[in-house]
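Okay, structure first, notes after.
Worth knowing before you read on, the calculation uses all heavy atoms, side chains too, and leaves out hydrogens, waters and symmetry mates.
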Amino acid sequence: MRINYDYIKLMALVLVIMGLYAFSNHRSAQKNVNGIEIEFVGDQNLYITQGAVNKLLIQKFGSLENVPKEKLVLNTMEKALEANKMVKSAQVYLTINGKLASKIVQRKPIGRIEGDSKFYLDDEGKRMPLSTSHSARVPIITGRITGESLADVYEILNYINKDDFLRKNVIGIHIESESKYQLRFRTERFVVELGDVEALQKKFANFKAFYAKAKKDRALDQYGMVSLEFNNQVVCTKI
């Protein structure tokens with residue numbers, strides 16, 4: 001019987017590699033956490049601070065310094081961070097040098113509701129609590145706050161945020177009713193009567209054409225109200 005030494009060598013090599021890998025994993029699991037790193041991804045306006053994240057982890061899991069890696073349940077830590085109302089998503093992992101690292105994506109407010117209760121509307125159309133750490137510079141929403149009107153406001157804000165001119169100039173939305181909305185601008189005295197949320201692209205195109213013409217004629221200060229409620233026209237009321 002002929003012995004295949006190449007096959008034996010290959011099997012021996014595989015066993016050695018597997019042994020080294022298992023030994024390495026065992027040694028790694030025996031090591032302790034030697035620090036915590038927290039990174040906020042994207043928007044650097046911190047609605048939840050690094051200190052608050054550290055406090056949350058300590059309250060849930062105790063001090064994590066010098067804890068053996070094998071005792072950490074990373075998925076549970078991620079869920080604990082994501083339970084915070086300022087956090088959109090979280091990723092927790094161990095670095096090569098033994099740090100417990102957290103990558104956090106915060107929720108993004110796009111409007112601030114000022115009513116009987118005060119809160120943000122985030123970029124997914126959900127309610128988001130105000131932060132004690134940072135106040136977002138977003139349009140202020142006032143008036144008749146209902147589930148339906150907030151859904152319309154979310155649609156209006158989404159359109160505004162995609163338009164550079166509107167994003168820079170619109171500072172407020174007032175809800176007169178669930179189908180009647182007003183816009184307030186940063187530097188202009190007039191109020192824009194938007195009406196409902198139908199045909200927003202056409203309404204805003206008409207408004208920007210009016211605005212450019214009135215600005216060229218230096219007539220913007222003459223108006224107290226600009227209505228976009230009627231099809232294909234801008235109706236203005238002078239002061």
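Aromatic ring orientation, Phe165 versus Phe207: tilted (interplanar angle from 30° to 60°). Aromatic ring orientation, Phe185 versus Tyr211: parallel (interplanar angle below 30°, classes split at 30° and 60°).
Note: the hydrophobic cluster containing Met128 does not contain Ile156 (ILVMFWY, side chain heavy atoms under 4.5 Å, direct or indirect links). Hydrophobic clustering, with ILVMFWY side chains joined whenever heavy atoms are under 4.5 angstrom apart, keeps Ile160 apart from Tyr120. Taking hydrophobic clusters as Ile, Leu, Val, Met, Phe, Trp and Tyr residues chained together by side-chain heavy-atom distances below 4.5 Å, Ile38 shares a cluster with Leu74. Val192 and Ile141 end up in the same hydrophobic cluster when Ile, Leu, Val, Met, Phe, Trp and Tyr side chains are linked at under 4.5 Å. Cluster membership for Ile175 and Val138, using ILVMFWY side-chain heavy atoms within less than 4.5 angstrom, is not shared.
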Next on the checklist: Set out, in order, the CA-CA distance, both residues' side-chain angles and the distance that settles side chain to side chain donor-acceptor pair (under 3.5 Å) for Tyr181 and Asp196, then state yes or no.
Outcome noted: CA-CA 6 Å; Tyr181 302 92; Asp196 58 27; over 6 Å; no

Next on the checklist: For a salt bridge (charged side-chain N to carboxylate O under 4.0 Å, His left out) check, start with the C-alpha distance between Lys108 and Glu124, then their side-chain angles and the critical distance, and finish with the verdict.
Outcome noted: CA-CA 8 Å; Lys108 182 179 180 181; Glu124 294 182 337; over 6 Å; no

Checklist entry - Which is it for Leu130 and Arg112 under the side-chain contact (heavy atoms from CB on, under 4.5 Å) test, yes or no, and what are the steps along the way? => result CA-CA 8 Å; Leu130 301 183; Arg112 175 171 174 150; 3.5 Å; yes

Item to check | Step-by-step side-chain contact (heavy atoms from CB on, under 4.5 Å) determination, Arg184 to His174 | outcome: CA-CA 8 Å; Arg184 289 183 170 82; His174 181 70; 3.1 Å; yes

Item to check | Worked verdict on Glu178 versus Thr146 for side chain to side chain donor-acceptor pair (under 3.5 Å) | outcome: CA-CA 8 Å; Glu178 291 182 346; Thr146 67; 2.8 Å; yes

Item to check | Residues Ile110, Asn161; criterion side-chain contact (heavy atoms from CB on, under 4.5 Å); working and verdict | outcome: CA-CA 8 Å; Ile110 60 173; Asn161 285 331; 3.7 Å; yes

Item to check | Candidate pair Ile104 and Lys88, rule side-chain contact (heavy atoms from CB on, under 4.5 Å), full reasoning | outcome: CA-CA 8 Å; Ile104 295 174; Lys88 186 173 185 178; over 6 Å; no

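With Tyr154 contributing its side chain and Asp123 its backbone, the two residues share a donor-acceptor pair below 3.5 Å. In this structure, Gln91 contributes its side chain and Lys103 its backbone to no donor-acceptor pair below 3.5 Å. The backbone N or O of Ser179 sits nowhere less than 3.5 Å from a side-chain atom of Asp152 that would complete a donor-acceptor pair. Between the side chain of Glu193 and the backbone N or O of Gln182 there is no donor-acceptor pair closer than 3.5 Å.
Between atom CZ of residue Arg107 and atom OG of residue Ser131 there is a gap of 12.0 Å, rounded to the nearest 0.5 Å. Annotation: the span from Leu150 atom CG to Leu157 atom CG amounts to 9.5 Å, rounded to 0.5 Å. With values rounded to the nearest 0.5 angstrom, Gln50 atom CD is found 7.5 Å from Asn54 atom CG. The CE atom of Met225 sits 3.0 Å away from the OG1 atom of Thr237 when rounded to the nearest 0.5 Å.
In terms of heavy-atom proximity, Lys60 sits nearest to Ala80 at CG-CB, 4.3 Å. Residue Glu229 comes nearest to Leu194 through the heavy atom pair CG-C, 4.1 Å, listed as atom of the first residue, atom of the second, then distance. Taking each heavy atom of Gln106 and Asn45 in turn, the nearest pair found is NE2-O, 3.0 Å. Here the closest heavy-atom approach between residue Asp221 and residue Arg189 is recorded as O-NH1, 3.9 Å. Nearest approach of Leu220 to Ala214, heavy atoms of both residues: CD2-CB, 3.6 Å. Considering every non-hydrogen atom in both Glu114 and Ile140, the closest pair reads CG-CG2, 3.5 Å.
Inter-residue side-chain proximity for Val53 and Thr49 is flagged as unmet; no heavy-atom pair is nearer than 4.5 Å. Annotation: side chain of Val235 is not in contact with side chain of Leu228 (no heavy-atom distance under 4.5 Å). Residues Glu37 and Leu100 are not in side-chain contact: their nearest non-hydrogen atoms beyond the backbone lie 4.5 Å or more apart. By the 4.5 Å heavy-atom criterion applied to side chains, Pro129 and Met86 are counted as neighbours. Residues Leu166 and Lys168 are not in side-chain contact: their nearest non-hydrogen atoms beyond the backbone lie 4.5 Å or more apart. Counting heavy atoms from C-beta outward, Cys236 and Val226 have side chains that approach closer than 4.5 Å. No side-chain heavy atom of Val87 sits less than 4.5 Å from a side-chain heavy atom of Val105. Looking only at side-chain heavy atoms (C-beta outward), Val191 and Leu183 stay at 4.5 Å or farther from each other.
At a threshold of 4.0 Å, the pair Glu188-Arg186 does not count as salt-bridged, since none of the basic side-chain nitrogens sits closer than that to a carboxylate oxygen. A salt bridge between Lys208 and Asp163 is present, with a side-chain N of the basic residue lying under 4.0 Å from a carboxylate O of the acidic one.
Around atom CZ of Arg144, no more than 12 heavy atoms belonging to other residues, nucleotides or ligands sit under 6.0 Å away. Sparse packing is recorded around NZ of Lys216, with 12 or fewer heavy atoms of other residues, nucleotides or ligands lying under 6.0 Å away. In the displayed structure, Gln201 atom CD is contacted under 6.0 Å by at most 12 heavy atoms of other residues, nucleotides or ligands. The environment of NZ in Lys79 is sparse: at most 12 heavy-atom neighbours from other residues, nucleotides or ligands sit within 6.0 Å.
Sorted by first and then second residue, the ring pair (Phe, Tyr, Trp, His ring centres under 6.0 Å) pairs with a member in residues 37-84 read Tyr47-His134; sequence neighbours excluded.
Side-chain rings of Phe210 and Tyr223 approach one another, their centers coming within less than 6.0 Å.
Partners of Asp217 under the salt bridge (charged side-chain N to carboxylate O under 4.0 Å, His left out) rule, at least two apart in sequence or in another chain, are Lys213.
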